[in-house]
Amino acid sequence: MNRTREHWTSRMGFILAAAGSAVGLGNVWRFPYVTGENGGGAFLLIYLGIVFSIGVSVLVAELIIGRSTQLDPAGAFRKLAGGAWPIVGYMSILTAFVILSFYCVIAGWTVAYMIKSITGSVLTANPEDIGGVFDAFITDPLEPVLYTALFIGLTVFVALGGVASGIERAARILMPALFVILLVLVARSVTLDGAVEGIAFFLEPDFSKVTWETLLAALGQAFFSLSLGMGAMITYGSYMQRHDDIAGSALAVTVLDALVAVLSGLVILPAVFAFGAAPTAGPGLTFITLPSIFAQMPFGFLFAALFFFLLAIAALTSAVALLEVVIAYFMDEGSANRKKVAVTAGIATFALAVPASLSLGVMSGFTIGGKVLFDALDYLTNNITLPLGGLLVALFLGWVLKHRGEEEFVDGSTLAPALVGAWRFIIRYVAPVAILLILINGLGFI
Ligand code: PHE
Ligand code: NA
């Protein structure tokens with residue numbers, strides 16, 4: 001390949017782009033409801049524990065694979081080890097594509113809800129009816145599909161700009177905006193009458209609810225949230241300069257991602273408790289409970305529109321990262337140009353997104369293992385492929401690359417020499433053992 005590889009313009013540019021990938025629907029939409037379903041404070045503690053041990057270590061591992069090879073996930077494994085290892089890369093790319101398809105469906109809902117919050121059609125209904133409004137919307141055969149197409153179009157548009165002037169530039173604009181909006185919403189939520197109860201639920205641990213499934217939920221959420229196990233961070237790492245700091249940047253991205261998750265919890269859970277709703281509403285927490293809360297609030301439509309705008313921004317920078325995994329693969333392996341791959345991959349994504357969306361409505365009779373397609377894709381990726389991908393990456397760094405990986409770890413970082421011992425220990429022993437135990441028990445094999 002004689003094409004010169006694109007790179008981020010600076011260390012800050014990489015951190016913003018990688019944070020843009022990490023911070024997504026996983027933080028704002030998924031994390032609060034998974035926390036609500038898993039008992040609140042105890043889940044938060046377990047989640048943060050996993051993120052700052054296994055999560056950040058696997059993130060570092062993926063960046064090492066990308067930075068050292070300057071290649072897409074499949075090419076990177078082939079260059080470093082060959083044998084069967086490229087299969088891990090192929091699995092990652094496939095997983096990224098599958099996730100992208102249903103991710104864009106949910107992202108489409110957020111765009112729809114942003115618009116509908118302003119026009120009032122999701123808020124004026126009697127709060128009791130808002131669940132019905134949501135069900136009617138997502139099961140409609142046409143409307144959500146159109147919003148999904150719109151969102152995929154936006155994603156492809158950003159990707160067409162390339163690494164520096166597309167992805168990085170979008171993150172430079174959107175990430176600061178996201179933080180400002182998030183802080184406004186936190187301020188609104190924690191000052192509601194009765195918010196204290198929600199804050200207590202979120203911050204006071206009750207370990208009596210913790211099971212193996214809780215641990216698997218926390219592990220899957222941590223990988224999903226940090227964009228791990230599906231080649232995204234390998235791909236973004238491949239656009240780093242050869243000696244860019246990995247350890248420091250990984251830590252910054254992890255802190256930002258955790259911060260946005262915690263702040264999102266502080267937007268949603270206090271509001272839920274202040275209005276006497278249940279934190280266990282599941283995926284509908286953001287689309288049903290929250291709009292019904294906004295509907296009862298002065299200027300609620302504004303806060304609702306802001307909230308769904310926040311979700312849409314978070315989703316866009318993440319969808320761009322998922323699409324980039326596919327783009328990098330076809331650009332590195334074939335010699336297709338960015339424009340051709342981005343557009344083709346966008347169309348392919350839409351082709352899988354349509355049945356995923358319809359599986360919630362007209363196609364709900366078609367199930368896989370008792371789940372409609374949409375839920376099956378979510379379960380398969382979050383609970384199986386992501387942890388498996390993370391496990392294999394940890395084993396690869398800890399037991400195949402070994403010293404070579406450690407040299408990469410310290411290369412370019414002033415922080416890394418002090419951390420290399422802890423990182424080696426986690427990547428060789430803690431991560432593989434913990435992930436295996438959680439996978440086996442959480443999936444009910446024992
Ligand atoms: N990390 C994103 C989120 O939390 C999801 C994602 C995964 C994005 C993988 C890109 C790559 O929503
Ligand atoms: Na995230």
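Just so it is clear, the structure is predicted and the values come from calculations on it, not from any experiment. Just so you know, residue 1 is the first one in the sequence shown, and it goes up from there. Computed from heavy atoms alone, side chains included, the values below leave out hydrogens, waters and symmetry copies. We count ligands from 1, going down the list as the structure has it; atoms in each ligand are counted the same way.
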Atoms of ligand 1 less than 4.0 Å from Ser21 heavy atoms? 1 (N), 2 (C), 8 (C), 10 (C)
With distance as the sole test, does Arg67 use its side chain to make a donor-acceptor pair with the main-chain N or O of Asp244 at under 3.5 Å? yes
Determine yes or no for a side-chain-to-main-chain donor-acceptor pair under 3.5 angstrom, with Ser227 supplying the side chain and Ser21 the backbone. yes
Please calculate the OD1(Asp257)-the Na ion (ligand 2)-O(Ala22) angle and round it to 10 degrees. 80°
Any idea which part of Met230 is under 4.0 Å from ligand 1, heavy-atom wise: side chain, backbone, both or neither? side chain
Which part of Ala22 is near ligand 1, with near meaning a heavy atom under 4.0 Å away: side chain, backbone, both or neither? backbone
Indicate yes or no: does Lys371 engage Asp378 in a salt bridge with an N to O separation below 4.0 Å. no
Are Arg242 and Glu408 close enough for a salt bridge, meaning some N to O gap below 4.0 Å? yes
N, O or S from Asn27 under 3.0 Å to the Na ion (ligand 2): yes
Give a yes/no answer: is there an N/O/S atom of Ser225 under 3.0 Å from the Na ion (ligand 2)? yes
How far is [atom] from its nearest protein heavy atom, and which residue and atom name does that atom have?
{"atom": "atom 11 (C) of ligand 1", "result": "Leu322 CD2, 3.3 Å"}
{"atom": "atom 5 (C) of ligand 1", "result": "Phe224 O, 3.6 Å"}
{"atom": "atom 6 (C) of ligand 1", "result": "Ser227 OG, 3.6 Å"}

In this structure, is the centre-to-centre distance between the rings of [Y] and [X] below 6.0 Å?
{"X": "Phe77", "Y": "Tyr90", "result": "no"}
{"X": "Trp109", "Y": "Phe134", "result": "yes"}
{"X": "Tyr113", "Y": "Tyr147", "result": "no"}
{"X": "Phe301", "Y": "Phe294", "result": "no"}
{"X": "Tyr47", "Y": "Phe31", "result": "yes"}

If I apply the N/O under 3.5 Å rule, does [X] come out as touching ligand 1?
{"X": "Asp257", "answer": "no"}
{"X": "Gly26", "answer": "yes"}
{"X": "Ala232", "answer": "no"}
{"X": "Leu25", "answer": "yes"}

Does at least one non-hydrogen atom of Tyr103 fall below 4.0 angstrom from an atom of ligand 1? yes
